[in-house]
Every structure is written in structure tokens, then in C-alpha cells.
Amino acid sequence: MNLLGILTPMAMRLLWLRQTAQQAPDTPASEVVSQEVIDVVTKLDNRSGATLTANMLWRAIAMIAWLFQPQG
């Protein structure tokens, strides 16, 4: 399978989440991404079952990405 075909939808979802987080930060994250994505992020971020907003989800994903970057 083409890598571009896999990464393009993920990039589009992240851009959509970022835009929603900036323009309507209190939007429930479940309106922007699937529940599975929310479950994975809350598990990786050690959050409880609290309801996430789009802004909270965007910041959690950014923090997770920062933690997983290679340390040089």
C-alpha cells in the first residue's frame, strides 16, 4: 500500500482538529474524531474518562508527539 495513501487521511484529520481547536475550542472531541482516537489519546496521556474538548485533545496529541520525538 502506498504510504501517502495512509498518511494523507491522518494529516487531514489533524488539520481539521487543529482548526476546530482554534476556532471552537469547546467543541466536544467526539464531534471531530472517532471515539477510538479519543480512547488511545486518553490512554497514552494517562487521563481519566473526562470528556475532552477539541482543544484539550489537540494539546494532548501535541504533548504525546513531543514526548516521542527522538532525543539527540
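FYI, side chains are in, hydrogens and waters are out, and symmetry mates aren't considered; it's all heavy atoms of this structure.
- Between Leu57 and Val32, every side-chain heavy-atom pair lies at or beyond the 4.5 Å cut-off.
- Closest approach of Leu4 and Asn2 over heavy atoms only: N-OD1, 3.0 Å.
- The closest side-chain heavy-atom distance from Arg13 to Leu17 is not below 4.5 Å.
- The CZ atom of Arg18 sits 10.5 Å away from the CD atom of Gln23 when rounded to the nearest 0.5 Å.
- Going from atom OG1 of Thr42 over to atom CD of Gln35 covers 8.0 Å, rounded to the nearest 0.5 Å.
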task = For Thr53 and Trp58, run side-chain contact (heavy atoms from CB on, under 4.5 Å): C-alpha distance rounded to whole Å, both residues' side-chain angles, the deciding distance at 0.1 Å, then the answer.
result = CA-CA 9 Å; Thr53 64; Trp58 174 249; over 6 Å; no
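- Of the residues listed (Val41, Val40, Leu44), the one engaging Ile61 in a side-chain contact (heavy atoms from CB on, under 4.5 Å) is Val41, and it is the only one.
- Looking at every heavy atom in both residues, Ala54 comes nearest to Ala24 through CB-O, 4.5 Å.
- One finds the CG atom of Asp26 at 12.0 Å from the OG1 atom of Thr20 (value rounded to the nearest 0.5 Å).
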